[in-house]
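Some notes on the structure that comes next.
Per chain, numbering begins at 1; letters A, B, ... match sequence-line order.
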There are 2 protein chains.
Amino acid sequence: MEREQTDKRKMRGESSKSKIIEAGKTLFLENGYKDTTISMISKQAKTGYGTAYTHFPGGKEEIFFIIIDEILKEFYQIASVAYHVNSKEDSLILTRGNIEMFLKLAIKHQQALKVFHEAIGVSHIINEKWEEFIEKFIKRISINIQQAMDKGLTHHGDFDPEVVAGVLFYTGEKYMWKIALNKTDKDYRTISESLAQMYVNGLYK
Amino acid sequence: MEREQTDKRKMRGESSKSKIIEAGKTLFLENGYKDTTISMISKQAKTGYGTAYTHFPGGKEEIFFIIIDEILKEFYQIASVAYHVNSKEDSLILTRGNIEMFLKLAIKHQQALKVFHEAIGVSHIINEKWEEFIEKFIKRISINIQQAMDKGLTHHGDFDPEVVAGVLFYTGEKYMWKIALNKTDKDYRTISESLAQMYVNGLYK
DNA sequence: AAAAGAAATTGACACTATATCAACTTCTTT
DNA sequence: AAAGAAGTTGATATAGTGTCAATTTCTTTT
């Protein structure tokens, strides 16, 4: 029969599921990735140990995956805005603005990113998720580079658009992690300014 | 008494130690970091399980640390060569050359770097070792940037030398890992050329 | 050269975490 | 109300780490 809304078993299942996710959110932020165990999550969620595995067969990885996904969506929005560049000056303003947005998000989600960083090192699946994310960004930047090249705005020479995009993204990424891990005391504006200038002067003539 | 050369106990100890390191070298390369266990190493080295811990109290981390240290020494040599830059053209040649050396080493030690990358994600101590390595490089590059700025060779604007150095190093680092992990099919020359041009055009006027 | 002591080896053990599963409870359908 | 499906549960198998008391091997002391 079709009574999706009122099937008590399904509802109980959903309830357990979200209790586990909520417990995960709390505990991962508190203790990091490695030091949070299924046993701790189950306890905090007040569900049995095995319940975590029936809802999340991938165990810890899968639970964390779902939690971090929410945060990554915010970052994706930066990459999803299309824009066109008509001059070097345009590019400087846009590039600097994008880096600033990116680093501001890093500050906002510092704690979560710290745990994410740990998880990337440990879990293959989480690592892949981040790689996909990077690829999307690199592709996005590469398009703009190609446009600038087509318009004759760039230096002459043998530029590989992906490597050029890498200069911007990978440096920005590294500073994102530095912010998350509290490994820099530089202001996000200092970083954005220097990086944007290097990128724009590097590419545009 | 002072007979360091002929103390049989010490010699036996040294022998065990190097048998364990040798076994580690083989097994880490074969199976990666996580999937190599102390138990496997001890077996291959034909020593008892506990022996590994008497010689390397830090366990797997310490064993791997010693193994990777040898390889890192080769990389350090690139950073240890001092040079002075007098023009943009100079800089392009030197920068490109250094990136090429760096990436060639990555190709040479591809397999070991792959395992190293895994270990960095898992082990705090190994990670710190890599961070120290990075810092040394960044400092080295920053000195040259400062020199170029003092000589009035660079663009005007608010450059943070460390961020500028980061543009060069972090992008290079990322491609080093890509090579190690077989995640790029770009030629090392393509990468060096594009990155060197971006860096030099970005910084020098 | 025998006894005492120091160095190195060893595998059993305690510990911790993961993933699985058979028994169980709760709810739905026949 | 019987059958069956969905979800829960903790005991269990498994696998790795790090520790330690017992043991062997070699050196120093008496």
* Is the CD1 atom of B:Ile71 crowded by more than 12 outside heavy atoms at less than 6.0 Å? -> yes
* Asked: In residues 30-54 of chain B, which ones come under 4.0 Å of DNA chain D, going by heavy atoms?
  -> B:Thr37, B:Ile38, B:Tyr49, B:Tyr53
* Using heavy atoms and a sub-4.0 Å distance, could you list which residues of residues 115-126 of chain A are near DNA chain D? By number, please. => none
* Could you tell me whether B:Phe64 and B:Phe56 have their ring centroids closer than 6.0 angstrom? => no
* Structure fact -> Atom NZ of B:Lys60 and atom P of D:dT19 are separated, to the nearest Å, by 16 Å
Sequence neighbours left out, cut at 3.5 Å: what donor-acceptor pairs do the side chains of residues 23-32 of chain A make with other protein atoms?
residue: A:Lys25; atom: NZ; partner: A:Glu22; partner atom: OE2; Å: 3.4
residue: A:Thr26; atom: OG1; partner: A:Glu22; partner atom: O; Å: 3.1
residue: A:Asn31; atom: ND2; partner: A:Leu27; partner atom: O; Å: 3.2

* Structure fact -> From CD1 of A:Ile20 across to P of D:dG7 the rounded distance in Å is 12 Å
* Identified side-chain contact (heavy atoms from CB on, under 4.5 Å) counterpart of B:Leu103 within the set B:Asn98, B:Leu195, B:Ile191 -> B:Ile191
* Structure fact -> Sequence neighbours excluded, the answer for salt bridge (Lys or Arg N to Asp or Glu O under 4.0 Å) partners of A:Lys139 is A:Glu135
* Asked: Please give, in whole Å, the distance from D:dA6 P to A:Arg12 CZ?
  -> 15 Å
* **B:Ser142 and B:Glu162: side chain donor to acceptor below 3.5 Å** => no
* Asked: Starting at CZ of B:Phe56 and ending at P of D:dT19, how long is that distance when rounded to a whole Å?
  -> 16 Å
* Between A:Gly13 and B:Lys8, just flag the one whose closest nucleotide in DNA chain D comes earlier from the 5' side. => A:Gly13
* Structure fact -> Rounded to whole Å, the NZ-C1' distance (A:Lys10 to C:dT29) equals 14 Å
Under 3.5 Å, which donor-acceptor pairs link side chains of residues 168-184 of chain A to any protein atom two or more places apart or in another chain?
residue: A:Tyr170; atom: OH; partner: B:Lys178; partner atom: NZ; Å: 3.1
residue: A:Thr171; atom: OG1; partner: A:Val167; partner atom: O; Å: 2.6
residue: A:Glu173; atom: OE1; partner: B:Lys174; partner atom: NZ; Å: 2.9
residue: A:Glu173; atom: OE2; partner: A:Trp130; partner atom: NE1; Å: 2.8
residue: A:Glu173; atom: OE2; partner: A:Trp177; partner atom: NE1; Å: 3.2
residue: A:Glu173; atom: OE2; partner: B:Lys174; partner atom: NZ; Å: 3.3
residue: A:Lys174; atom: NZ; partner: B:Glu173; partner atom: OE1; Å: 2.9
residue: A:Lys174; atom: NZ; partner: B:Glu173; partner atom: OE2; Å: 3.3
residue: A:Lys178; atom: NZ; partner: B:Tyr170; partner atom: OH; Å: 3.1
residue: A:Lys183; atom: NZ; partner: B:Glu131; partner atom: OE1; Å: 2.9
residue: A:Thr184; atom: OG1; partner: A:Lys186; partner atom: N; Å: 3.1

* Asked: Does A:Glu74 have any salt bridge (Lys or Arg N to Asp or Glu O under 4.0 Å) partners at least two apart in sequence or in another chain, and if so, which?
  -> A:Lys108
* Can you find a donor-acceptor N/O pair under 3.5 angstrom joining the side chain of B:Arg9 to the base of C:dA6? -> yes
